[in-house]
Q: 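Supplied in structure tokens, the structure appears directly below.
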Amino acid sequence: MNYTTLSYSSDWPVAAATWYGSPDGGACGYQNAVDQPPFSSMIAAGNPSIFLSGKGCGACYKVKCTGNSACSDHPVRVVITDECPGGPCLAQPVHFDMSGTAFGAMAKPGQADQLRAAGILQIHYNRIQCNYHGTDIAFHVDSGSNPYYFAVLIEYESGDGELAGVSLMQIGSDMWVPMQQSWGAVWMFNLGSILEAPISIKLTSDSGKTLVAKNVIPNGWQAGASYRSVVNY
């Protein structure tokens, strides 16, 4: 099956939606952050046309339902944090497997449980810009990182939400070196020699906009630690 990248549009195309139980960071690697603001459990797993082998992690959509008596017809925002790679998620070109919180948010007041009992819903969706209202981009260093190998989970990017590329620059260098997507929202760099910190990271969004988090990974950085930038799109 072939998939194409979804773009911003004023239309409301049709998709399918299901829901699952307790939310988790799944195939994007966001872990317990999905329960906390700014995600606040308003999340979804996307089928391959949305997940895009991990490049769709962090993308924001508005979704709404109209075909059930419990539907409010009011759109809610969801963020892609996981993949739904099989089963009913492949039955339609676009499928959102939403958290119970997000699925219920499409319902009229007091009818969330009724809507969740509906099973598979037809919904309408629209790609939107992410806006995290003053939250800076976070860089969580993978627990397997060491002075010779560096991997980082990147989250809370406003704007496109998803990243097309990531580069780093070591202290004492004027060269940006590309990182490779490891999995989900995790990007890696394996130079084979000791990394010289502090390290700056340059992000390139899905639409080609660049942003630099200067010296965001400090000297003496630790595997498993999180570092906040002072920038966002």
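Quick caveat, the model's predicted, so the values are computed rather than measured. Reckoned from all heavy atoms, side chains included, excluding hydrogens, waters and symmetry mates.
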Q: Got Val76 and Met42 here, is their nearest side-chain heavy-atom distance under 4.5 Å?
A: yes

Q: Would a hydrophobic clustering, with Ile, Leu, Val, Met, Phe, Trp and Tyr connected at side-chain separations under 4.5 Å, put Val177 with Met188?
A: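 Different clusters.
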
Q: Apply the test side chain to side chain donor-acceptor pair (under 3.5 Å) to residues Asn131 and Ser158: give CA-CA distance (whole Å), side-chain angles for both, the deciding distance (0.1 Å), then the verdict.
A: CA-CA 5 Å; Asn131 187 339; Ser158 289; 4.7 Å; no

Q: Should Leu211 and Ile201 be regarded as members of a common hydrophobic cluster, given that ILVMFWY residues are connected when their side-chain heavy atoms come within less than 4.5 Å of each other, either directly or indirectly?
A: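 Yes, Leu211 and Ile201 fall within the same hydrophobic cluster.
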
Q: Where does the angle between the aromatic ring planes of Phe39 and Tyr30 fall among parallel (under 30°), tilted (30 to 60°) and perpendicular (over 60°)?
A: tilted

Q: Quick one: do Thr81 and Gln31 satisfy side chain to side chain contact (heavy atoms under 4.5 Å, CB included)? Show the steps, please.
A: CA-CA 9 Å; Thr81 61; Gln31 301 178 1; over 6 Å; no

Q: Is there a chain of hydrophobic side chains (I, L, V, M, F, W, Y, each step under 4.5 Å between heavy atoms) that links Met175 to Leu195?
A: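 Yes.
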
Q: State, yes or no, whether a side-chain contact exists between Val166 and Pro178 at a heavy-atom distance under 4.5 Å.
A: no

Q: Decide yes or no for Ser229 and Val216: does some side-chain heavy atom of the first lie under 4.5 Å from some side-chain heavy atom of the second?
A: yes

Q: Measuring only between side-chain heavy atoms, which start at C-beta, is His140 closer than 4.5 Å to Asp142?
A: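 No, side chains not in contact.
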
Q: Does one side chain, of Asp73 or Thr66, offer a donor that lies under 3.5 Å from an acceptor on the other?
A: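 Not at all, the side chains of Asp73 and Thr66 share no donor-acceptor pair under 3.5 Å.
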
Q: Heavy atoms only: give me the nearest Ala59-Glu162 pair and the separation to one decimal.
A: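 In terms of heavy atoms, the two residues are closest at CB-OE1, 3.4 Å.
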
Q: Determine the sole option in Trp221, Phe189, Phe139 for which the ring-ring contact (aromatic ring centres under 6.0 Å, His included) test with Phe150 is passed.
A: Trp221

Q: Have Ser69 and Gln114 got a donor and an acceptor in their side chains that come within less than 3.5 Å?
A: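 Ser69 vs Gln114: donor-acceptor pair found between side chains.
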
Q: Within a strict 4.5 Å, meaning less than it, do heavy atoms of the Trp187 and Leu163 side chains meet?
A: yes

Q: Give a yes or no on whether Val152 and Val186 share a hydrophobic cluster (residues Ile, Leu, Val, Met, Phe, Trp, Tyr; joining criterion: side-chain heavy atoms under 4.5 Å apart).
A: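 The answer is no; the residues belong to distinct hydrophobic clusters.
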
Q: Counting N and O atoms only, with roles assigned by atom type, does the side chain of Glu196 sit under 3.5 Å from a partner on the main chain of Gln170, one being a donor and the other an acceptor?
A: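 Not at all, since once roles are kept as given, no pair shorter than 3.5 Å links the two residues.
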
Q: Is there side-chain contact between Val63 and Met106, with at least one heavy-atom pair below 4.5 Å?
A: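 Sidechains of Met106 and Val63: in contact.
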
Q: Kindly give the heavy-atom pair with the smallest separation between Pro88 and Ile120, and that separation in Å.
A: CB-CD1, 4.2 Å

Q: Taking the side chain as C-beta and beyond, is there a heavy-atom pair between Tyr132 and Glu155 under 4.5 Å?
A: no

Q: With a 4.5 Å cut-off on side-chain heavy atoms, are Gln222 and Val141 touching?
A: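 No - every pair of side-chain heavy atoms lies 4.5 Å or more apart.
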
Q: May I ask you to decide if the ring planes of Tyr61 and Phe96 are parallel, tilted or perpendicular, using 30° and 60° as cut-offs?
A: perpendicular

Q: What's the verdict on salt bridge (Lys or Arg N to Asp or Glu O under 4.0 Å) for Lys209 and Glu157, showing C-alpha distance, side-chain angles and the deciding distance?
A: CA-CA 12 Å; Lys209 297 176 182 177; Glu157 308 97 271; over 6 Å; no

Q: Hey, quick one: are Val94 and Trp19 part of the same hydrophobic cluster, counting side-chain heavy atoms closer than 4.5 Å, chains of contacts allowed?
A: yes

Q: With no hydrogens and no angle check, do the side chains of Asp160 and Ser207 hold a donor and an acceptor under 3.5 Å apart?
A: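 Present: a donor and an acceptor within the cut-off.
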
